[in-house]
Protein chains: 4
Amino acid sequence: MTDRQPSRRGRPRDKRTHDAVLAATRAILLEHGYPALTIEAVAARAETARTTVYRSWPTKGELVLDAAGDDIAIGVVPDTGSTRGDLEIAVRQLTEAFSRRIVAIVMLAVIANLDDDPSMARTFRDKTVYPWRSSAAAALERGVARGDLPAETDVQFLLDVIVGTVFQRTVINAIPATDGLPAAIVDLVLDR
Amino acid sequence: MTDRQPSRRGRPRDKRTHDAVLAATRAILLEHGYPALTIEAVAARAETARTTVYRSWPTKGELVLDAAGDDIAIGVVPDTGSTRGDLEIAVRQLTEAFSRRIVAIVMLAVIANLDDDPSMARTFRDKTVYPWRSSAAAALERGVARGDLPAETDVQFLLDVIVGTVFQRTVINAIPATDGLPAAIVDLVLDR
Amino acid sequence: MTDRQPSRRGRPRDKRTHDAVLAATRAILLEHGYPALTIEAVAARAETARTTVYRSWPTKGELVLDAAGDDIAIGVVPDTGSTRGDLEIAVRQLTEAFSRRIVAIVMLAVIANLDDDPSMARTFRDKTVYPWRSSAAAALERGVARGDLPAETDVQFLLDVIVGTVFQRTVINAIPATDGLPAAIVDLVLDR
Amino acid sequence: MTDRQPSRRGRPRDKRTHDAVLAATRAILLEHGYPALTIEAVAARAETARTTVYRSWPTKGELVLDAAGDDIAIGVVPDTGSTRGDLEIAVRQLTEAFSRRIVAIVMLAVIANLDDDPSMARTFRDKTVYPWRSSAAAALERGVARGDLPAETDVQFLLDVIVGTVFQRTVINAIPATDGLPAAIVDLVLDR
DNA sequence: ACTTAAGCGAGACGGTACGTCTCGTCTTAAC
DNA sequence: GTTAAGACGAGACGTACCGTCTCGCTTAAGT
């Protein structure tokens with residue numbers, strides 16, 4: 001994710017070192033959170049030199065997102081033929097993802113750097129939110145097509161409602177997700 | 001705001017210095033954001049010593065929240081007799097507040113420090129969110145009493161929907177608030 | 001030597017730390033030479049922080065010259081009434097000084113930084129060479145007045161002969177100084 | 001110049017690269033001095049890889065002396081039949097050499113590394129000082145044989161006087177060499 | 001009016017982390 | 001077997017802030 005064209009010239013990256021750095025990053029994030037994630041600490045934990053870390057990941061943002069890897073993926077909403085079913089799956093995917101410690105930590109990091117390093121937010125969105133969001137949008141549109149939702153439905157608005165509510169609950173208020181939440185959200189969106 | 005018992009003996013705090021520090025803090029927050037807010041920079045801008053800042057505000061969180069002062073207040077939802085009217089006012093208060101630059105900056109700071117400095121989040125909640133939230137809860141409960149909302153309504157859940165949606169729109173997605181947003185949210189909550 | 005006006009404001013310098021740094025510097029210079037003198041090593045040996053060293057001595061040159069202190073002084077040529085006697089003392093002072101390990105090390109450091117940090121050379125000259133050189137010039141001038149040296153004597157040239165020869169012998173060629181050297185040099189200068 | 005047996009097997013060294021490195025070294029020495037001479041900079045300027053430099057010149061000293069090449073030669077004192085004439089030529093050769101920017105730079109580098117890298121000093125001596133010094137010694141000995149110098153003359157001492165004085169004047173004090181200097185030095189050595 | 005506790009400014013202290021530079025070595029593909 | 005390319009671990013650089021700690025000076029309330 002980091003190297004553009006992995007250039008065939010010169011000594012290749014040492015995969016074991018590379019992986020050790022990513023593992024160290026994940027460990028520190030999970031154990032102590034993003035504010036404690038210093039390049040110094042990562043290098044020490046990975047038993048390598050600080051310069052080696054800088055070589056592959058010029059910014060902390062890139063390191064964090066690379067280290068998080070697929071652990072922060074949210075998923076893609078399927079098309080089961082049922083609007084309510086699809087949406088319940090969609091919300092469940094979201095609550096499940098936002099409840100994962102690593103996801104919450106990375107989101108807080110992204111927010112902390114929002115106007116400092118906007119590229120981090122962009123990467124996070126592209127890697128994580130976008131696939132879910134566009135497939136969820138498709139599910140809502142199918143619902144509109146089927147007549148389960150009014151024709152004038154503002155899909156993006158509903159997505160913000162869903163994401164915002166789940167974020168508020170699980171991350172900000174740290175309320176453990178229950179089965180009730182997805183149902184309640186879907187009710188809100190559909191039943192009217 | 002910070003010291004418990006302001007002891008009658010000795011030289012009293014210098015109000016002009018105190019205010020200069022708060023002004024410097026606000027200025028830096030607005031001009032460069034929270035990550036650039038160092039005690040060093042605040043003291044320099046206020047033309048005072050670092051120690052003077054530390055004396056009154058042991059942590060950056062306290063300083064920021066004290067400096068933001070009433071600029072981050074959201075307001076209290078009135079009782080106009082109309083459920084829809086009250087809620088529209090409530091949402092409008094929220095969008096207006098979250099659209100203020102200083103509020104967004106402080107909220108992002110609070111969230112970034114969520115598990116690093118939970119006291120900051122608590123203070124922010126108490127000073128800012130709680131008054132609005134409890135009065136908005138009252139409005140919803142009046143709505144239930146009036147029969148505008150079903151008896152089994154989960155008030156806290158609806159508040160999370162409202163807050164989460166507005167936060168998502170205005171702060172995360174940075175979509176300029178329009179009149180349509182409050183109406184849409186109220187529709188979502190009421191019409192069913 | 002480092003602080004201009006020792007400013008009465010603020011916390012005073014910690015003399016023990018200060019002295020420890022100078023002692024560490026001297027020790028490293030004598031044990032490992034100037035190229036091994038890193039601020040890192042000095043701080044470690046003095047058991048203090050790197051920043052503390054930088055605070056008092058912005059450049060390595062200032063640190064070295066301050067640490068060497070009076071150990072690199074050469075002395076002042078006396079006026080005993082005898083031209084030959086004064087000159088022999090003068091040359092002996094020089095050979096003795098240039099034979100001291102600390103002096104040789106500092107001179108090499110000064111030379112290494114000649115065009116990199118000319119201020120170091122200047123300070124070294126002022127502290128060390130100048131007092132000797134001006135008093136030796138006086139001795140030569142007394143010799144001219146007495147008729148022990150020709151009236152047209154180029155005093156500065158003779159001083160360069162003396163300094164250059166001693167430097168060449170003791171520092172460059174590392175020939176242990178013998179009593180013969182001062183005598184030979186004085187003969188060269190006087191007997192003609 | 002550096003590698004022992006230039007092995008017949010495999011790809012031969014690229015002469016153009018080799019020369020480019022030496023040229024880059026000379027350029028950096030003249031433009032920025034010895035302290036700025038990093039292998040990094042040399043390789044960059046020669047548009048080659050760092051490793052290529054290391055392969056041919058394991059130490060900076062070898063590189064510098066190889067790059068300086070004949071530009072730091074001093075010359076050999078001729079035998080013209082006249083003691084005074086030979087010595088004047090000898091001193092003139094020395095002042096001319098020490099006045100060359102590249103010579104001064106290399107000499108300062110050699111001196112700065114005196115006890116750090118003694119092999120550099122040795123090589124410099126052998127390549128540069130020794131030919132001049134032994135031929136100048138011969139000139140002095142011819143002078144003794146002719147009776148122009150006393151029988152008990154310490155030839156090595158006089159050579160140190162000459163070298164030391166010229167070094168002091170031209171390199172340390174950076175006094176532009178005049179015709180007067182050689183004459184004055186020869187007078188000092190001969191007239192007595 | 002005099003004492004005196006506390007605030008103020010200045011600045012030193014030990015410390016952590018930064019991001020960069022250079023080192024000398026090592027590993028690979030290409031020639 | 002050299003060359004170009006570039007990664008590697010290492011170490012030092014000089015800087016920015018941190019939060020703490022003296023200091024001498026100032027200020028006003030309480031005696």
Side-chain angles (χ1 to χ4, degrees), chain A residues 3 7-18 36-44 46-56 58-60, chain B residues 3 6-18 37-44 47-56 58-60, chain C residues 3 7-18 36-44 46-56 58-60, chain D residues 3 6-14 16-18 37-41 43-44 47-56 58-60:
Chain A
D3 300 324
S7 152
R8 232 60 359 238
R9 316 288 305 250
R11 175 175 175 177
R13 293 269 162 91
D14 182 334
K15 191 167 184 320
R16 319 191 25 155
T17 301
H18 201 84
L37 188 88
T38 68
I39 301 293
E40 194 96 24
V42 170
E47 293 185 290
T48 184
R50 251 178 22 267
T51 39
T52 300
V53 180
Y54 281 116
R55 205 171 295 119
S56 292
T59 72
K60 228 153 68 167
Chain B
D3 295 331
S7 147
R8 258 346 79 198
R9 312 261 321 178
R11 175 176 175 177
R13 294 269 162 91
D14 183 334
K15 190 165 185 323
R16 316 188 31 152
T17 301
H18 199 84
L37 189 88
T38 67
I39 301 293
E40 195 93 25
V42 170
E47 293 185 291
T48 184
R50 259 184 9 269
T51 35
T52 302
V53 179
Y54 280 116
R55 202 170 299 115
S56 292
T59 73
K60 223 155 71 167
Chain C
D3 301 322
S7 154
R8 250 348 79 204
R9 316 288 304 252
R11 176 174 174 176
R13 291 269 161 92
D14 183 334
K15 191 165 184 322
R16 321 201 13 170
T17 301
H18 201 83
L37 188 88
T38 67
I39 301 293
E40 194 96 24
V42 170
E47 295 185 288
T48 184
R50 228 139 35 79
T51 40
T52 301
V53 180
Y54 281 116
R55 206 171 293 120
S56 291
T59 74
K60 227 154 67 168
Chain D
D3 293 333
S7 143
R8 289 289 130 183
R9 315 257 322 176
R11 174 173 174 181
R13 294 262 165 95
D14 183 336
R16 316 188 28 154
T17 301
H18 199 84
L37 188 89
T38 67
I39 302 293
E40 195 93 26
E47 294 186 290
T48 183
R50 237 138 30 78
T51 34
T52 303
V53 180
Y54 280 117
R55 200 169 302 112
S56 293
T59 72
K60 223 156 70 169

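None of the values given here were measured: they were computed from a predicted structure. Chain naming here is simple, since letters A, B, ... match the order of the sequence lines and numbering starts at 1 in each.
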Novice: To the nearest 0.5 Å, how far apart are NE2 in D/H18 and OG in D/S56?
Specialist: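 Between atom NE2 of D/H18 and atom OG of D/S56 there are 5.0 Å.
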
Novice: Can you find a pair of side-chain heavy atoms, one from A/R50 and one from A/V53, that are under 4.5 Å apart?
Specialist: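 When only atoms from C-beta onward are counted, A/V53 and A/R50 do not touch, as no gap falls below 4.5 Å.
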
Novice: Measure from the side chain of B/P12, starting at C-beta and using heavy atoms only, and say which of F/dG14, F/dA7, F/dA28 lies closest.
Specialist: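 For the B/P12 side chain, the nearest candidate turns out to be F/dA28.
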
Novice: Rounded to whole angstroms, how far apart are CG on D/L37 and P on E/dC23?
Specialist: 8 Å

Novice: Nearest of F/dC13, E/dC13, E/dC18 to any side-chain atom of C/T17?
Specialist: E/dC13

Novice: In whole angstrom, give the distance that lies between atom NZ of A/K15 and atom C1' of F/dG6.
Specialist: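 In whole Å, F/dG6 C1' and A/K15 NZ are 19 Å from each other.
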
Novice: Can you check the B/H18 NE2 to E/dC8 P distance for me, whole Å?
Specialist: 9 Å

Novice: Output yes when at least one side-chain N/O atom of A/R13 is less than 4.0 Å from OP1 or OP2 of F/dA7, else no.
Specialist: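 Indeed, a polar side-chain atom of A/R13 lies that close.
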
Novice: Quick one: pull up CZ in C/R13 and OG1 in C/T52 and give me the separation to the nearest 0.5 Å.
Specialist: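 The CZ atom of C/R13 sits 9.5 Å away from the OG1 atom of C/T52.
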
Novice: Heavy-atom nearest nucleotide on DNA chain E for C/D14 versus A/A36: which residue maps closer to 5'?
Specialist: C/D14

Novice: Spell out yes or no: do the side chain of A/R11 and the base of E/dC26 have one donor N/O and one acceptor N/O closer than 3.5 Å?
Specialist: yes

Novice: What's the CD-C1' distance between D/E40 and F/dC13, to the nearest Å?
Specialist: 15 Å

Novice: Between F/dT15 atom C1' and C/R55 atom CZ, what is the distance in whole Å?
Specialist: 12 Å

Novice: So if I take residues 46-53 of chain A and measure heavy-atom distances to DNA chain F, which residues fall below 4.0 Å?
Specialist: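 Close to the strand are A/T48, A/A49, A/R50, A/T51, A/T52.
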
Novice: Applying side chain to side chain donor-acceptor pair (under 3.5 Å), can you list everything that pairs with D/T17, at least two apart in sequence or on another chain?
Specialist: D/D14

Novice: Please identify each residue that fulfils side chain to side chain donor-acceptor pair (under 3.5 Å) with D/T59, with sequence neighbours left out.
Specialist: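 For D/T59 the side chain to side chain donor-acceptor pair (under 3.5 Å) partners, ignoring immediate neighbours, are D/E62.
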
Novice: Take the protein atom CZ of A/R16 and the nucleotide atom P of F/dC8, then report the distance between them rounded to whole Å.
Specialist: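 A/R16 atom CZ is separated from F/dC8 atom P by 13 Å.
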
Novice: How many angstroms lie between OG1 in B/T48 and CZ in B/R55, if you round to the nearest 0.5 Å?
Specialist: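 B/T48 OG1 to B/R55 CZ: 8.0 Å, rounded to 0.5 Å.
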
Novice: How long is the straight-line distance from CD1 of B/I39 back to OH of B/Y54, given to the nearest 0.5 Å?
Specialist: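 One finds 5.0 Å between OH of B/Y54 and CD1 of B/I39.
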
Novice: In this structure, how many angstroms lie between the P atom of E/dC23 and the NZ atom of D/K60, rounded?
Specialist: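 One finds 6 Å between P of E/dC23 and NZ of D/K60, rounded.
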
Novice: Compare the minimum distances between each of E/dT25, F/dA12, E/dT22 and the side chain of D/T38, then state the nucleotide with the smallest one.
Specialist: E/dT22

Novice: Give the nucleotide from the list E/dC13, F/dG19, E/dT25 with an atom nearest to the side chain of D/Y54.
Specialist: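 Comparing E/dC13, F/dG19, E/dT25 against the side chain of D/Y54, the answer is E/dT25.
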
